[in-house]
Student: 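One structure is given below, represented as structure tokens, and several questions about it will come after.
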Amino acid sequence: MQFYSTKSRQLTASLEEAVFRSLPADNGLYMPASIPAIAPEFLEIIHTKSFNEIAIAVTHALLGSDLSLDEITGIVNQAFDFDAPVAKLAGDTYVLELFHGPSMAFKDFGARFMASLMSHFLLKSKKNIRILVATSGDTGGAVAQGFYKVPGVSVTILYPTGKVSAIQEKQLTTLGENITALEIDGTFDDCQRLVKEAFLDTGLNEQLNLASANSINIARLIPQAFYYFYAYAQLKNTGKDLVFSVPSGNFGNLSAGLLAYRMGLPVRHFVAATNQNNSVPLYLDSGTYVPKSSVETISNAMDVGHPSNFIRMTHLLDNDFAKISGLLSGYYFTDTETRDTMRTVYAASGYVLCPHTAVAYLGLDRYRRETGTDFTGVLLATAHPAKFAGLVDETLKTTIAIPERLEKLLSLDKKAEKLPVSYEKFKMWLLNSNAL
């Protein structure tokens with residue numbers, strides 16, 4: 001499989017190059033040069049398949065020219081030892097629970113697949129790499145867990161001061177070993193900008209052999225398509241069209257859904273649900289995309305004003321606004337609406353939504369009320385509510401149980417270095433730090 005840059009289709013790379021380079025030289029994003037379809041015969045029997053079997057089939061369709069079936073099977077089975085079950089809320093509304101992995105967030109799917117794929121290539125090449133990743137919350141913890149003690153890999157995680165939850169911060173600052181956290185005095189957009197500048201610094205790349213584990217890396221995007229297929233497998237017997245409501249920040253999750261759609265997954269519609277960082281919903285209304293500075297909300301992992309994957313989302317639908325707006329609806333919601341929904345759902349069903357999942361619920365509910373159509377609605381639950389225990393407890397006036405793996409983190413000491421929003425100081429830190 002060849003991958004092209006979103007800025008120039010003539011600039012291409014192999015799978016291995018795209019995974020380790022992360023960004024093309026022109027600062028575009030890598031996209032698959034062709035998108036194969038899943039065999040209709042497989043979709044007919046998909047309800048009989050496990051998550052890993054579906055992941056192997058999707059990976060083989062996309063990357064079968066680069067990896068043997070045995071290699072793909074090993075990569076998938078090394079990455080995934082957890083499930084993505086669908087839970088029924090009420091009527092035709094279901095929750096796709098993506099928080100059963102080691103960091104208890106949906107980012108585990110991309111991070112662990114990427115770590116497994118990189119390990120496969122590193123064992124063959126015997127190279128060392130330095131991974132840089134910016135996080136607004138869950139990505140950092142997932143990447144830290146996914147790459148912890150992986151031979152030949154050191155990881156540097158940038159996160160914004162005071163803009164991640166206490167548990168999220170502990171997940172990315174307490175492991176040590178080959179994982180280092182940098183606390184940046186700015187926003188997620190600032191962290192992401194520092195990472196991008198580093199990748200475009202040719203001299204720095206040559207010295208440190210940099211790679212990214214953000215959703216800008218194509219190896220993060222591909223595995224997120226797996227759980228869309230798996231949700232369809234679990235709900236195929238409803239006999240109704242599927243509508244996915246996706247809580248969105250950097251828009252990698254929604255782009256992965258569009259990739260699954262392009263591969264033949266039967267989907268009627270996608271809902272892009274955001275908080276007040278609403279540049280994409282406004283684009284879907286007007287056809288004009290205007291990035292913004294991010295604003296702070298209680299659904300912090302979605303506090304992204306200039307989502308990197310917006311360009312992938314449009315490329316997947318041929319940059320055709322009529323096609324994009326026909327398949328996607330965008331809605332944005334306030335913190336007050338988010339809290340009210342968390343309370344309403346808990347009172348009605350006892351189900352606890354994290355603030356991000358509550359935004360997805362709001363988006364699905366708005367789409368139902370506007371369309372009045374009969375469908376099976378699936379909202380993506382992107383994180384375990386215990387990762388936001390203080391906020392959830394305060395909102396619901398209760399005390400939710402914290403899983404043991406998260407509880408243990410609270411007693412560990414945070415280890416992070418503080419840096420200002422300065423590329424020169426970040427670069428100096430990278431050159432002076434001891435990695436590997």
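Treat the numbers as computed from the prediction; the structure is a model and nothing was measured.
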Student: Below 30° counts as parallel, above 60° as perpendicular, anything between as tilted: where do the rings of F80 and F82 land?
Tutor: perpendicular
Student: Mind checking whether K240 and R268 have side chains closer than 4.5 Å, heavy atoms only?
Tutor: no
Student: So that I can tick it off, tell me whether E197 and R193 are bridged by a salt bridge, with the cut-off set at under 4.0 angstrom between side-chain N and carboxylate O.
Tutor: no
Student: Do H356 and N300 touch side chain to side chain, with heavy atoms closer than 4.5 Å?
Tutor: yes
Student: Are the aromatic ring centres of F310 and Y289 under 6.0 angstrom apart?
Tutor: yes
Student: Between Y367 and F375, how do the two ring planes meet: parallel, tilted or perpendicular, split at 30° and 60°?
Tutor: tilted
Student: Does any part of the side chain of S165, heavy atoms only, come nearer than 4.5 Å to the side chain of L391, both counted from C-beta?
Tutor: no
Student: Are more than 12 heavy atoms, taken from residues, nucleotides or ligands other than K415, located less than 6.0 Å from that residue's NZ atom?
Tutor: no
Student: Apply the test side chain to side chain contact (heavy atoms under 4.5 Å, CB included) to residues Y283 and T314: give CA-CA distance (whole Å), side-chain angles for both, the deciding distance (0.1 Å), then the verdict.
Tutor: CA-CA 11 Å; Y283 158 77; T314 58; 4.0 Å; yes
Student: If only side-chain N and O atoms count, and only distance matters, is there a donor-acceptor pair under 3.5 Å linking D303 with N275?
Tutor: yes
Student: For a side-chain hydrogen bond (donor to acceptor under 3.5 Å, both in side chains) check, start with the C-alpha distance between Y332 and Q276, then their side-chain angles and the critical distance, and finish with the verdict.
Tutor: CA-CA 6 Å; Y332 57 95; Q276 292 297 104; over 6 Å; no
Student: Could you check whether any side-chain heavy atom of I35 comes within less than 4.5 Å of a side-chain heavy atom of L316, counting everything from C-beta outward?
Tutor: yes
Student: Can you find a heavy atom in the side chain of M313 that is under 4.5 Å from one in the side chain of V280?
Tutor: yes
Student: On a heavy-atom basis, which atom in G140 and which in T135 lie closest, and how many Å separate them?
Tutor: N-OG1, 2.9 Å
Student: I'd like to check the salt bridge (charged side-chain N to carboxylate O under 4.0 Å, His left out) partners of E44; sequence neighbours left out, ordered by chain and number.
Tutor: none
Student: Can you name the residues that form a salt bridge (charged side-chain N to carboxylate O under 4.0 Å, His left out) with D185, not counting sequence neighbours?
Tutor: none
Student: Side chains of R112 and Q145: closer than 4.5 Å at any heavy-atom pair?
Tutor: no
Student: Could you tell me if the side chain of H384 sits less than 4.5 Å from the side chain of H100, heavy atoms only?
Tutor: no
Student: Under 6.0 Å between ring centres, would you say that holds for Y227 and F51?
Tutor: no
Student: As a quick check of understanding, evaluate side chain to side chain contact (heavy atoms under 4.5 Å, CB included) for N253 and Q224, giving each step before the final call.
Tutor: CA-CA 7 Å; N253 212 353; Q224 291 179 262; 3.4 Å; yes
Student: Would the Y228 and F244 ring centres measure less than 6.0 Å apart?
Tutor: yes
Student: In the structure I gave you, are the side-chain heavy atoms of I75 and L67 within less than 4.5 Å of one another anywhere?
Tutor: yes
Student: Test R343 against every option in T341, D340, V345 by the side chain to side chain contact (heavy atoms under 4.5 Å, CB included) rule and name the one that passes.
Tutor: D340
